[in-house]
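Structure first, then comments.
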Amino acid sequence: MAMRIDMHVHSNVSDGTDSPTRLVFAAQEAGLDVIGLCDHDTFDGITEAREAGRRIGLQVLPGVEMSTRYKDRPVHLLGYGCDPWNRPLLAELTKLRASRVNRLQAFLDKLAELGLPLTEEDVAESRGLSPSLGRPHIADAMVAKGYVANRDEAFAKYLGDGKPGYVERYATPIEEAIRLIRGAKGLAVIAHPWGPGAKDVLTGDALAELAKAGLEGIEVDHTDHDSRSREMLTQLGARTGLIRTGSSDYHGTGKLNNPLGINVTRPTAYQEIVNRIAARGGVGPA
Ligand code: AMP
Ligand code: FE
Ligand code: FE
Ligand code: ZN
């Protein structure tokens, strides 16, 4: 049987809803052999996930999904195999997480103006122990208050980019994030490039420019991309020498359209990524 590899999943260490341990068990139940744990702006779930994976024979490739910016648009960047103690990368992740917390009051002010009051305690409750506060936690607090039915409605009406409750935050310039990942012996893959946010600026020329800056892979098979986009991105990626990946971007019950394994990465692409990480002394799957 071919290996089933889901390269990009989230735990409740960021905005997923499964603990790292539960996530690993759910991945095995879904018939997966490998997951790439890519929580937003933190490595904190990796150790627990790898321990759970070791007990049941499921491999965990360490990853992170960094909040970056390209031509003033939000772009998510996956870093695989990074040394989790690399100082410059850790410093940048700390800065990103701080900006997530620093914007909370602005969110609460905007929501109060919209007649949807929330307190810091309400958000602390939905955030739990996550070091990476995200809009989904605010959405969950709104659900708990009965303001909206689910995260989707909260984003569609209030929290999504450009909506009346939206607040900006800091994001790393993408070329700098690519350098930081590579400097930590990791491998950078652009996440869902033609999802909402940056599609019109992430042209073939832009991808070629990012490949020159050290980008090595492109996430093509993702629920944000229709079949036409996947064909075009596959061609652009091949032309630029980018490794093509696929993933569910699983968030537990936080994103019901993204069940584990709905998109996967081909074993040959996975092996190439693992080989490159090993060659530069990064952290491989375990
Ligand atoms: P933030 O990290 O605070 O910028 O929030 C962005 C996160 O919200 C993304 O990583 C997604 O996981 C999540 N998200 C975006 N849109 C939706 C949606 N419609 N429903 C649920 N989660 C969403
Ligand atoms: Fe997320
Ligand atoms: Fe993302
Ligand atoms: Zn993600």
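- Looking only at distances, a side-chain donor or acceptor of Trp194 sits under 3.5 Å from a matching main-chain atom of Leu202.
- Between Arg135 and Phe107, the closest heavy-atom pair is CG-CZ, 3.5 Å.
- Asp18 places none of its side-chain heavy atoms less than 4.5 Å from the side chain of Asn12.
- The closest side-chain heavy-atom distance from Leu78 to Met7 is not below 4.5 Å.
- Transitive grouping of hydrophobic side chains (ILVMFWY, heavy atoms separated by less than 4.5 Å) brings Ile178 and Leu93 into a common cluster.
- The CD1 atom of Ile138 sits 6.0 Å away from atom CG of Leu159, with the distance rounded to the nearest 0.5 Å.
- Linking ILVMFWY side-chain heavy atoms closer than 4.5 Å, directly or via other members, places Leu215 and Met66 in a single hydrophobic cluster.
- Side-chain contact check for Glu65 versus His192: some heavy-atom pair is nearer than 4.5 Å.
- Proximity of a side-chain donor or acceptor of Arg50 to a complementary backbone N or O of Pro285 within less than 3.5 Å is not detected.
- Sparse packing is recorded around CZ of Arg22, with 12 or fewer heavy atoms of other residues, nucleotides or ligands lying under 6.0 Å away.
- Sorted pairs that involve residues 175-184 and meet side chain to side chain donor-acceptor pair (under 3.5 Å), not counting sequence neighbours, are lacking altogether.
- Within the model, atoms CG of Leu32 and OG of Ser248 stand 7.5 Å from one another, a figure rounded to the nearest 0.5 Å.
- A continuous path of hydrophobic side-chain contacts links Tyr158 to Tyr147 [ILVMFWY only; heavy atoms under 4.5 Å].
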>> Evaluate His40 against His10 for ring-ring contact (aromatic ring centres under 6.0 Å, His included), listing each step before the verdict.
In response: CA-CA 8 Å; His40 297 284; His10 293 267; 4.3 Å; yes
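- In this structure, Val189 and Ile243 have side chains that are not in contact, with every pair of non-hydrogen atoms separated by 4.5 Å or more.
- Here the NZ-CG distance, from Lys199 to Asp224, works out to 11.0 Å after rounding to the nearest 0.5 Å.
- Between the side chain of Ser67 and the backbone N or O of Ala171, no donor-acceptor pair lies under 3.5 Å.
- At least one side-chain heavy atom of Arg151 sits under 4.5 Å from a side-chain heavy atom of Asp140.
- What you find for Arg4 and Ala30 is that their closest heavy atoms are NH2-O, 3.6 Å.
- For the atom pair OG1 (Thr223) and CD1 (Ile262), the distance works out to 6.5 Å, reported to the nearest 0.5 Å.
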>> Using salt bridge (charged side-chain N to carboxylate O under 4.0 Å, His left out), reason through Arg276 and Glu272 one step at a time and then give a plain yes or no.
In response: CA-CA 6 Å; Arg276 288 191 196 182; Glu272 176 65 23; 2.7 Å; yes
>> Pair Arg266, Asp221 - check salt bridge (charged side-chain N to carboxylate O under 4.0 Å, His left out), show working.
In response: CA-CA 10 Å; Arg266 291 157 302 131; Asp221 295 298; 5.9 Å; no
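- Scanning both residues, Gly246 and Thr265, for their nearest heavy atoms gives O-OG1, 2.7 Å.
- The two residues Phe155 and Ala139 have their closest heavy-atom pair at CE1-CB, 4.4 Å.
- The pair Asp161-Arg73 does not count as a salt bridge, with every side-chain nitrogen at least 4.0 angstrom from each carboxylate oxygen.
- Counting heavy atoms from C-beta outward, Ser11 and Glu48 have side chains that stay 4.5 Å or more apart.
- Across His8 and Tyr80, no two heavy atoms sit closer than the pair CB-OH, 4.0 Å.
- No more than 12 heavy-atom neighbours from other residues, nucleotides or ligands sit within 6.0 angstrom of CD on Glu125.
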Show me the side-chain donor-acceptor pairs of residues 110-117 shorter than 3.5 Å, one per line, residues at least two apart or across chains.
unit_1 : atom_1 : unit_2 : atom_2 : d
Lys110 : NZ     : Tyr166 : O      : 2.8

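- Counting heavy atoms from C-beta outward, Pro193 and His225 have side chains that approach closer than 4.5 Å.
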Determine all donor-acceptor pairs shorter than 3.5 Å in which one atom belongs to a side chain in residues 97-104; sequence neighbours excluded.
unit_1 : atom_1 : unit_2 : atom_2 : d
Arg97  : NH1    : Asp41  : O      : 2.9
Ser99  : OG     : Leu96  : O      : 3.0
Arg100 : NE     : Asp41  : OD2    : 2.9
Arg100 : NE     : Ser132 : OG     : 3.3
Arg100 : NH1    : Leu133 : O      : 2.9
Arg100 : NH2    : Asp41  : OD2    : 3.1
Asn102 : ND2    : Ala98  : O      : 3.2
Arg103 : NH1    : Val167 : O      : 3.0

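- Between Asp6 and Asp249, the shortest heavy-atom distance links the atoms OD1-N, 4.5 Å.
- Cluster annotation: Leu260 is not connected to Leu256 through the hydrophobic network of ILVMFWY side chains, with a link wherever side-chain heavy atoms come within less than 4.5 Å.
- Between the CG atom in Leu89 and the CD1 atom in Ile181 there is a gap of 7.0 Å [rounded to 0.5 Å].
- To the nearest 0.5 Å, atom OG1 of residue Thr17 and atom NE2 of residue His251 are 9.5 Å apart.
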>> The test is side chain to side chain contact (heavy atoms under 4.5 Å, CB included); show your working for Leu236 and Arg239 and say whether it passes.
In response: CA-CA 5 Å; Leu236 288 177; Arg239 206 182 298 158; 3.7 Å; yes
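- Looking only at side-chain heavy atoms (C-beta outward), Leu61 and Tyr270 come within less than 4.5 Å of each other.
- Glu219 and His76 share no side-chain donor-acceptor pair at under 3.5 Å.
- Using a 4.5 Å cut-off between side-chain heavy atoms of Ile, Leu, Val, Met, Phe, Trp and Tyr, with links allowed through other members, Leu233 and Tyr70 fall into the same hydrophobic cluster.
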> Do Val143 and Val148 pass the side chain to side chain contact (heavy atoms under 4.5 Å, CB included) test, and can you show the C-alpha distance, the side-chain angles, and the key distance before you say yes or no?
Replying inline: CA-CA 5 Å; Val143 173; Val148 289; 3.7 Å; yes
> Please walk me through it: do Glu120 and Gln105 pass side chain to side chain contact (heavy atoms under 4.5 Å, CB included)?
Replying inline: CA-CA 8 Å; Glu120 273 192 48; Gln105 192 55 51; 3.9 Å; yes
> Going through the checks in order, is the side chain to side chain contact (heavy atoms under 4.5 Å, CB included) test met by Ile5 and Gln59?
Replying inline: CA-CA 9 Å; Ile5 302 147; Gln59 289 193 19; over 6 Å; no
